Amino acid sequence: MSIHTRIVDDLIANDIRFMTTVPCKQLAGVIEEIDNRPEIRHVPANKEDEGMGLCAGAHLGGQRSAIIMQNTALGVTINTLATLIQFYRMPLPMLISYRGEIGEPVACQVEMAVHTKALLAQLHIPTYHFHRRSDVEELDGILKYCFMASKPVAILTDATFWKGELA
Amino acid sequence: MIRADILRDIAPILRDQLVVCNIGIPSQELYAIDDQPSNFYMLGTMGLASSIGLGLALSQSKPVIAIDGDGSVLTNLGTLPTIGNNGDGHLILLIIDNGSYGSTGDQPTYTGRRTSLAGMARAAGCERVVEIDGSDTGAALTEALGTKGTTVIVCKCDSGNETMPVIPLDPVTIRDRFMQVVNS
Ligand SMILES: [Mg+2]
């Protein structure tokens, strides 16, 4: 089974039926897999804070939602995370490509990578870092934890994870 | 005619519908004029009323009225293509366009100059877009409620605010009572 199939299987098994995405090269496979699954409505967003608004609306409509985005966009979502998702106590799994980590070819990506965990920690957002391929085993538990707690939860997925270089 | 006059006019129509209302004075006015559990008041997060409304419209079967402003739509312009390309929910985006940032002291927005939100919504792919005078809002809303799919109503009116108290409700209370109406 591909890593993309595995991830989307877990999303569907946790009743996620609404997803919004802003693409990243590392996330292309998982986004393609989402489009292959009729269980999930995929509404691409033009910006990540807009996407979080869509997810909040789906939550109000009674559907579990999630966002897929790149860590470089975390900055534009700070206000939305604080004043919408957290203030109204909504669950939101964020599957984030962690650009700027080991294996990164573009120096500029490192500039946001060094702030990523600090920003998430400042927001008190539970954060998990997928580095080894086997880290995906935790996804199901993280999703259940997110909906149990009704909080945004970040899953940072780096280049080593996507390449499957480490078991 | 200012926004509060329009809200007072359309309150009997809004009462029975799911309403997502824009941050700041619009939500304060709607709360004071006719608070309903079916109103989702935005207490923060400028610009996302239309995005929340779209997510809601696509996730359940009842019609959704998102009350937005010109300044708020301008701050989240990416919403228009997303609405224009995901039109299978029953969404009414009611943009009360008073040509100003009302909640911050009526500073002018570009819609009072060369920019047309109706034109931008059409160019973004929204199929049914109407631009009306504020006094025709009730009729336009009623027509949109009777027509499945997405309608964007750009409702032109004067700049100005009524002085209303801050909404005292806790956000979790707003969310919880709103979701009970969605599920009913
Ligand atoms: Mg305005």
Side-chain angles (χ1 to χ4, degrees), chain A residues 15-23 34-35 38-69 73 75-94 123 147 149-152, chain B residues 18-20 22-23 38-64 66 68 72-73 75-91 124 169-184:
Chain A
D15 296 322
I16 290 168
R17 294 293 177 267
F18 185 101
M19 294 204 65
T20 187
T21 63
V22 181
I34 285 165
D35 277 330
E39 294 94 330
I40 297 178
R41 180 195 281 271
H42 176 206
V43 180
N46 296 305
K47 209 166 184 183
E48 293 76 3
D49 56 342
E50 181 208 352
M52 289 184 183
L54 294 168
C55 286
H59 170 73
L60 294 175
Q63 287 196 0
R64 287 187 169 187
S65 56
I67 187 167
I68 287 186
M69 55 182 272
V76 305
T77 67
I78 302 285
N79 178 53
T80 302
L81 284 164
T83 67
L84 180 64
I85 305 300
Q86 291 180 323
F87 198 41
Y88 289 85
R89 275 202 66 196
M90 297 178 176
L92 181 65
M94 298 184 280
L123 287 165
F147 292 108
S150 266
K151 286 180 183 298
Chain B
L18 298 179
V19 175
V20 177
N22 188 21
I23 180 179
S38 51
N39 294 345
F40 183 80
Y41 303 109
M42 292 184 66
L43 303 173
T45 338
M46 181 173 174
L48 294 189
S50 60
S51 304
I52 296 171
L54 177 59
L56 176 62
L58 296 175
S59 301
Q60 51 80 54
S61 55
K62 294 185 172 90
V64 174
D68 221 330
S72 287
V73 171
T75 210
N76 182 27
L77 273 179
T79 193
L80 294 175
T82 308
I83 290 170
N85 287 279
N86 296 276
D88 54 319
H90 193 168
L91 175 68
L169 300 177
D170 185 274
V172 178
T173 303
I174 293 172
R175 188 202 67 177
D176 193 52
R177 63 181 204 160
F178 184 82
M179 289 177 77
Q180 282 178 29
V181 179
V182 173
N183 290 325
S184 66

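Owing to the predicted nature of the structure, the values given are computational and were not obtained by experimental measurement. Residue numbering restarts at 1 for every chain, and letters A, B, ... go by the order of the sequence lines.
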- line: Ranked by heavy-atom pairs below 4.5 Å to chain A, first place among B:Gly47, B:Gly44, B:Pro171 goes to B:Pro171
Aromatic contact, A:Tyr88 with B:Tyr41 (centres under 6.0 Å): no
message: Looking at every non-hydrogen atom in both residues, tell me the closest pair between A:Phe18 and B:Ser59 and how far apart they are.
response: CD1-OG, 3.9 Å
query: Listed by chain and number, what are the salt bridge (Lys or Arg N to Asp or Glu O under 4.0 Å) partners of B:Asp170, not counting sequence neighbours?
result: none
field: Residue among B:Ile174, B:Val20, B:Thr79, B:Leu58 with most heavy-atom pairs under 4.5 Å to chain A
entry: B:Leu58
- request: Locate the shortest heavy-atom distance separating B:Ser51 from A:Leu54; write the atom from each residue and the value.
  value: O-CD2, 3.4 Å
- request: Could you tell me whether the side chains of B:Thr45 and A:Thr80 share a donor-acceptor contact shorter than 3.5 Å?
  value: no
field: A:Lys151 atom NZ: more than 12 heavy-atom contacts under 6.0 Å
entry: no
- prompt: Taking the side chain as C-beta and beyond, is there a heavy-atom pair between A:Gln63 and B:Gln60 under 4.5 Å?
  reply: no
query: From A:Asn79 CG over to B:Met46 CE, what is the distance, rounded to the nearest 0.5 angstrom?
result: 11.0 Å
- prompt: Given that the side chain runs from C-beta out, which part of B:Asn183 has a heavy atom under 4.5 Å from chain A: side chain, backbone, both or neither?
  reply: neither
- prompt: Is a donor on one side and an acceptor on the other found under 3.5 Å between the side chain of B:Arg175 and the backbone of A:Leu60?
  reply: no
field: Test item: B:Asn85 and A:Val43 side chains (from C-beta on) under 4.5 Å apart, heavy atoms
entry: no
- prompt: Which residue pairs satisfy the side-chain hydrogen bond (donor to acceptor under 3.5 Å, both in side chains) criterion with at least one member in residues 47-56 of chain A, sequence neighbours excluded?
  reply: A:Glu50-B:Thr82
query: Side chain, backbone, both or neither: which part of B:Leu18 has an atom under 4.5 Å from a heavy atom of chain A?
result: neither
message: As an exercise, state the distance from SG of A:Cys55 to CD1 of B:Ile52, rounded to the nearest 0.5 Å.
response: 11.0 Å
message: Regarding B:Asp88 and A:Arg41, does a basic nitrogen lie under 4.0 Å from an acidic carboxylate oxygen?
response: yes
